[in-house]
Amino acid sequence: MRMVSVVVLVVCLTLATEAASWNAVRRPGGQVAAVRGATHPSTVNCTWKYFSQPLDHFSPGVTEKTYTFQQRYCIYDKFFSGRSDAPLLFYTGNESPVEEYVNQTGLMWTLGPKLNGLIVFAEHRYFGKSVPELQGVRNCLAYCTSQQALADHAMLAIHIRTTWKVPNAPVIAFGGSYGGMLAAWARIKYPNVFAGSIAASAPLWGFPLLNPPVDGAARSITRAASAEGGAAASCKTNIRNAYPLIYDIGKSTAGLKYISDQFNLCKPLETQGDLEAFLQYAQAPWFLLAEGDYPFASTYITYAVQSVDAPLPPWAMRVACKHLDRDDLFGVEIAGHPENVTFTLHAGSIEIEVDWDQTSSNKYTIADVEATQIGDLFSAFKNAMGVWYNVTGNLECFNGAAPSHARQQVPATPRAKQQSERDGVCTGTGLKGNAAYWDVICCNENLNLVNTAVQGVGNDMYWPPNVPRNWSMETVVHMSGEYLYGCPEQFAAAGLYGVSRAHDPWSLWDTTYYGGKDITKFVSNIVFSNGLLDPWSHAGVLTNYSDSLTAVVLPFGGHHLDLFFPTDQDPEGAVAARMVEENEIRKWIQEATAEEYL
């Protein structure tokens, strides 16, 4: 058995309203703060404005007329002094409505009064209220790319400097996740506009040609579920043991019933397909708990993924692992080589041999299972999953089905193309969902971040492996980039055309255009921050390359923790990261204003 893992699919997902439901760079989680009237600055402090942008910055003559759209942005000027050394603190908006970043990016709000800065949050094209008119436009989705978005951000920054009569004001870019990639790329591609950037949790080096650890996400998640990450020492081992036990016990009809009862499933498992779907369901929470492993209660991840106004508890992974804090491993003994995924589990009279993605066992009955502590392990596992699935406290039973994130399949039978499709003129009005156009970016750029692609190969707590034993980078690239084959057809079904038909699962274009690891030779004034609990950290820049290309590592940091509002519960690494970021920004401002008078 080899399953498609949850982690493999978190980068670019389905077309439809569920497109972002399981995406790690995701739907908004910030509107809640403003609605509640939080004590922190939020969207209620914004002055909302719009700036006219060309639909195509690079080839405006390609279309029969010049199309434009209105880019929305939030601006806050109460801290701004207007002096030559007062910066623009500019958030390079990413794949959600910009409210998310206004409400969550406390670092900018904190630095604003210290630096007398003008605060700007720019919305990414095709998201929020910055979606262009699509109907009647030829190849209307062709302009949904990071390159066009960066040009938007650069032109908006110049417009604001001109409008405020501060043409030389230093512009400092901020961003987290994909927004962190945009912040770094803004400095790389437009150094004349952006004096520096804070690129938080930016998986900049996750492209295949940069050779990231393809099981990096699974390793980080496992770290979060271990003593090294602050959780119970036995947690990761108990999680890993549970999966082959579930799978082997579930080979019989009686075993399926036992598992259904132990995990309080709403719909009992009936087939092996149900069992494999349940294993995916049981693997899904860990990625999200690791991302949201913050020292404070937060709705950031839960609202983004589940659309519920219920916060994860502080140190959510530790809370989940508390249920699995049993050093006796619930009576399960391990022999063999888990690092090679060849090991044996013993529990009472039960012996289960694991050989890569298969199990075999001695003959045992459910009565034999009930005579062990396996039921206690499953109960503990269920409660640990409940930290995510039952975050509201209202769950009566567990769904148990694989997360609804599997990409829609292109019909095998070709359909007749309509005249509009042949002409490329869009007839659809758009896609629904806050992050629906993220898939368009992925398709247009062949965006394939493979650091999330592999799990269960001996370096983490997952099982079974989701690749064959003799896997290679080529195996991984084509597995994780398989979605690219059906991109144009998927959007054409919605009457939207212009998505790239190029198929480059190695992401050669983005690697070349943005410089890959060669940026270490010529780029300056970027701080890359990464938390080691965050599944995306292995694709980030983790080493200093010069005095002006700095990496800040947070040992107990979740997804861009340093960008949030500071709290008394913050670990030392977050406090130190923000100090480094402030000091670097001050240095960049000083350099930029000194150059003004040369």
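All figures in this text were calculated on a predicted structure; none of them were measured in a lab. Numbering starts at 1 and runs along the sequence shown.
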Would you confirm whether [X], through its side chain, and [Y], through its main-chain N or O, come within 3.5 Å as a donor-acceptor pair?
| X | Y | answer |
| --- | --- | --- |
| Thr475 | Ser472 | yes |
| Ser234 | Leu324 | yes |
| Glu100 | Ala304 | no |
| Asp248 | Pro244 | no |
| Asn451 | Gly216 | no |
| Asp274 | Thr271 | yes |
| Trp356 | Val467 | yes |
| Asn390 | Gly393 | yes |
| Ser260 | Pro268 | no |
| Asn264 | Glu396 | yes |

Aromatic rings Tyr258 and Phe378: how do their planes relate, parallel, tilted or perpendicular, breaks at 30° and 60°? tilted
Angle class for the Tyr300/Phe564 ring planes (parallel below 30°, perpendicular above 60°, tilted otherwise)? perpendicular
Quick one, Ile519 with Leu204, criterion side chain to side chain contact (heavy atoms under 4.5 Å, CB included). Give me CA distance, side-chain angles, the key distance, then yes/no. CA-CA 11 Å; Ile519 65 171; Leu204 205 70; 3.9 Å; yes
Can you list the steps and then say if Val387 with Leu289 is a side chain to side chain contact (heavy atoms under 4.5 Å, CB included)? CA-CA 8 Å; Val387 175; Leu289 291 173; 4.1 Å; yes
State, to 0.1 Å, how close [X] and [Y] come at their nearest heavy-atom pair, and which atoms those are.
| X | Y | answer |
| --- | --- | --- |
| Asn448 | Pro208 | O-CD, 3.2 Å |
| His560 | Ser201 | N-OG, 2.7 Å |
| Arg223 | Pro555 | NH1-O, 2.8 Å |
| Pro203 | Leu449 | O-CD2, 3.7 Å |
| Tyr462 | Asp460 | N-OD1, 2.8 Å |
| Arg326 | Asn238 | O-ND2, 3.4 Å |

Does either side chain, that of [X] or that of [Y], offer a donor lying less than 3.5 Å from an acceptor on the other one?
| X | Y | answer |
| --- | --- | --- |
| Ser146 | Tyr514 | yes |
| Thr365 | Asp368 | yes |
| Thr302 | Thr299 | no |

Does some side-chain heavy atom of [Y] sit less than 4.5 Å from a side-chain heavy atom of [X]?
| X | Y | result |
| --- | --- | --- |
| Val305 | Trp388 | yes |
| Glu353 | Thr359 | no |
| Asn399 | Tyr281 | yes |
| Asn466 | Met479 | yes |
| Asp293 | Trp315 | yes |
| Thr222 | Trp286 | no |
| Leu533 | Met317 | no |
| Pro212 | Trp205 | no |

Check step by step if side chain to side chain contact (heavy atoms under 4.5 Å, CB included) holds for Ile350 and Ile249. CA-CA 10 Å; Ile350 297 171; Ile249 292 170; 5.9 Å; no
Between Ser96 and Asn434, does a side-chain hydrogen bond (donor to acceptor under 3.5 Å, both in side chains) hold up when you go through it step by step? CA-CA 6 Å; Ser96 279; Asn434 285 332; over 6 Å; no
Take atom [atom1] in [X]; do more than 12 heavy atoms of anything else shown fall under 6.0 Å from it?
| X | atom1 | result |
| --- | --- | --- |
| Glu339 | CD | yes |
| Gln272 | CD | yes |
| Lys322 | NZ | no |

Determine which pairs satisfy disulfide bond (SG atoms under 2.5 Å apart) with at least one residue from residues 306-367, sequence neighbours left out, and list them in order. Cys235-Cys321
As a quick check of understanding, evaluate side-chain hydrogen bond (donor to acceptor under 3.5 Å, both in side chains) for Tyr483 and Asp439, giving each step before the final call. CA-CA 10 Å; Tyr483 74 91; Asp439 269 3; over 6 Å; no
Distance, nearest 0.5 Å, that separates [atom1] of [X] from [atom2] of [Y]:
| X | Y | atom1 | atom2 | result |
| --- | --- | --- | --- | --- |
| Arg469 | Thr342 | CZ | OG1 | 7.0 Å |
| Ile221 | Lys236 | CD1 | NZ | 13.5 Å |
| Ile198 | Ser529 | CD1 | OG | 7.5 Å |
| Ser177 | Glu95 | OG | CD | 6.0 Å |
| Asp570 | Arg578 | CG | CZ | 4.5 Å |
| His346 | Thr372 | NE2 | OG1 | 13.5 Å |

Less than 4.0 angstrom from a charged side-chain N to a carboxylate O is my criterion; do Arg318 and Asp325 meet it? no
Centroid-centroid under 6.0 Å between [X] and [Y] rings:
| X | Y | result |
| --- | --- | --- |
| Trp506 | Phe207 | no |
| Phe278 | Phe263 | yes |
| Tyr247 | Trp463 | yes |

Filter on ring pair (Phe, Tyr, Trp, His ring centres under 6.0 Å), then keep only pairs touching residues 223-246, sequence neighbours left out; what's left? Tyr243-Phe381
One pair to check against ring-ring contact (aromatic ring centres under 6.0 Å, His included): Trp438 and Tyr178. What are the steps and the verdict? CA-CA 10 Å; Trp438 172 238; Tyr178 168 54; 4.9 Å; yes
Under the side chain to side chain contact (heavy atoms under 4.5 Å, CB included) rule, what do Gln262 and Lys382 come out as? Steps first, then yes or no, please. CA-CA 8 Å; Gln262 289 295 315; Lys382 176 191 66 178; over 6 Å; no
